[in-house]
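Letters go in sequence order (proteins before strands), and every chain restarts at 1.
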Protein chains: 2
Amino acid sequence: MTFCYDYARPAVTTDIAVFTIQDQRLAVLLIQRGGEPFAGHWALPGGFVEADETLEACALRELAEETGIQGVWLEQLYTFGNPERDPRDRVISVAYFALVPMASLNPRAGSDAQDARWFFIDDLPELAFDHRDILDLAQHRLRAKLDYSTVAFSFMNETFTLGELQTVYEIVRGETLDKRNFRKFVKSLNLVEDAGATRRNGTHKPARLYRLIQPGHLHYIR
Amino acid sequence: MTFCYDYARPAVTTDIAVFTIQDQRLAVLLIQRGGEPFAGHWALPGGFVEADETLEACALRELAEETGIQGVWLEQLYTFGNPERDPRDRVISVAYFALVPMASLNPRAGSDAQDARWFFIDDLPELAFDHRDILDLAQHRLRAKLDYSTVAFSFMNETFTLGELQTVYEIVRGETLDKRNFRKFVKSLNLVEDAGATRRNGTHKPARLYRLIQPGHLHYIR
DNA sequence: TCATTCAGGTGTATTTTTTACACTTTTTGC
DNA sequence: GCAAAAAGTGTAAAAAATACACCTGAATGA
């Protein structure tokens, strides 16, 4: 079956940059492409928008199909429409980004991709298409959003220590923070509560565990 | 001539929300639609992306064709892709927004539109498609950007008084500001210089004129 | 068992930034 | 020449951000 139109139409895809924290470093989920173009190259998960789905539904579906990751929070990042960005055809891509808790999800390769795995953001392979540009913009946006929202909490597991949360801020911002000032900041948000338990992490004092009062809510601060 | 593909493809358009300040109010440029759907309704200028142009080039071209406005600074706002947003066909729209100097541009209707004119943002007619949603988001973004960038300067003519600039901030933010604090803020940016002239505006002391040191540059502050 | 190690946990003083606030100046119109 | 109206100017108080040092509790191994 073919679909015919009076004017040329671009293909429309979504691509998704999923971030997490692994081994104290920022990591992103990539798939290895099975088919042309860029066969064998690593790329962001994503694919073509179907006739009756929203853009966000497309991103969620492709993410699930290609990596097994489900039910994440997505934010639209930017739409990339350079006519040369796909060598074969005119393809416009609506890019999304997502944050998932530290190491909570084990990606598995889906039907459309040979492989799916996490890469450290500062140690990336060569990427297909303009996906490097998309990732750079996503990382930039993530950093900016840290300052005026509670995105960073999306990296946390259900319960977490303030030390872990501080580490996330330090990794994304690329600088160390003062412990006392950071804890003052977190407590002033009034968004976390004592989970009533502690966690032993090594040969030292156990840390108090906290949880979000409204899990899944993104708040704007400042 | 027809164009045929193996899978259904959405049509892709750009829509542009152009803001200005008129009579101490925020205004937006709309066109009156000539053809179906929504014939006779007012809508944002915009149109279909052609095979070999970037999204931004499409927005600039449509803006020029439909309203005669040229060479404005554009920022990508959001991509609207709800399958139901156009009653006839699947249309994905990449929305842009722009700010032009106060009353500097007299829109003229282009070939594709019956009419083009400015509307006050708080006195809009019923709009075609989901253009009201696009405008709401654009206004929200404009307000947010005022806090961390120098977008507001895009509303100014080549030379302007600090009173005019303050009025722009007050209109977009919807609140009055302290004159001395505002002037301190503007001078601390180090982005404007004395234009060496004054302007008489009414039956009172003439105001000193300023100009941007780097016209056309958008700065991020804070 | 006791000394060492290591991240967890806590408060205050200083600096910087933001806010609040009132009067004089210069022009026009009557 | 006087009334009207926006232009222009500085300082003090409040709030926010920053800098900074020591004790705690558990594990380890001498």
>> Can you see if the side chain of A/Lys205 gets near the phosphate of C/dT5 - specifically, an N or O under 4.0 Å from OP1 or OP2?
In response: no
> When the distance from CD of A/Glu170 to P of C/dA7 is rounded to whole Å, what number comes out?
Replying inline: 12 Å
>> Please confirm whether the ring centroid of A/Phe155 lies under 6.0 Å from the ring centroid of A/Phe153.
In response: no
> Of A/Thr198 and A/His204, whose closest DNA chain C nucleotide lies nearer the 5' terminus?
Replying inline: A/His204
> Taking the inter-plane angle between the rings of A/Phe129 and A/His131 on a 0 to 90° scale, is it parallel (under 30°), tilted (30 to 60°) or perpendicular (over 60°)?
Replying inline: tilted
>> For a quick test of reading the model: is some side-chain N or O of B/Arg200 closer than 4.0 Å to OP1 or OP2 of C/dT28?
In response: yes
> Aromatic rings B/Phe182 and B/Phe185: how do their planes relate, parallel, tilted or perpendicular, breaks at 30° and 60°?
Replying inline: tilted
>> Output the rounded distance in Å from CG (A/Leu209) to P (C/dG8).
In response: 11 Å
> Once you round it to whole Å, what is the distance between P of C/dT26 and CZ of B/Arg199?
Replying inline: 20 Å
> How are the rings of A/Tyr148 and A/Tyr220 set to each other: parallel, tilted or perpendicular (split at 30° and 60°)?
Replying inline: parallel
> Rounded to whole angstroms, how far apart are CG on A/Asn201 and C1' on C/dG9?
Replying inline: 15 Å
> Where each residue is assigned the nucleotide of DNA chain D containing its nearest heavy atom, which of A/Gly202 and B/Lys179 is assigned the position nearer the 5′ end?
Replying inline: B/Lys179
> For B/Met156, does its backbone N or O pair with a side-chain atom of B/Glu164 as donor and acceptor, under 3.5 Å?
Replying inline: no
> Do the side chain of B/Asn181 and the base of C/dA20 come within less than 3.5 angstrom through a donor-acceptor pair of N or O atoms?
Replying inline: yes
> What nucleic acid atoms does A/Asp178 come within less than 4.0 Å of, heavy atoms only: base, sugar-phosphate, or nothing?
Replying inline: base
> Want to settle it: does B/Lys184 or B/Leu162 sit nearer the 5' end of DNA chain D, counting the closest nucleotide to each?
Replying inline: B/Leu162
>> Can you measure B/Phe182 atom CZ to D/dT9 atom C1' for me and round it to whole angstrom units?
In response: 16 Å
> Can you tell me how far C1' of D/dG8 sits from CZ of B/Phe185, to the nearest Å?
Replying inline: 19 Å
> For B/Arg180 and C/dA20, is the shortest distance between a side-chain N/O and OP1 or OP2 below 4.0 Å?
Replying inline: no
> How long is the line joining CZ of A/Arg222 and C1' of C/dT18, in whole Å?
Replying inline: 15 Å
> When all nucleic acid strands are considered with a 4.0 Å heavy-atom cut-off, which category describes A/Arg183: base, sugar-phosphate, or nothing?
Replying inline: base
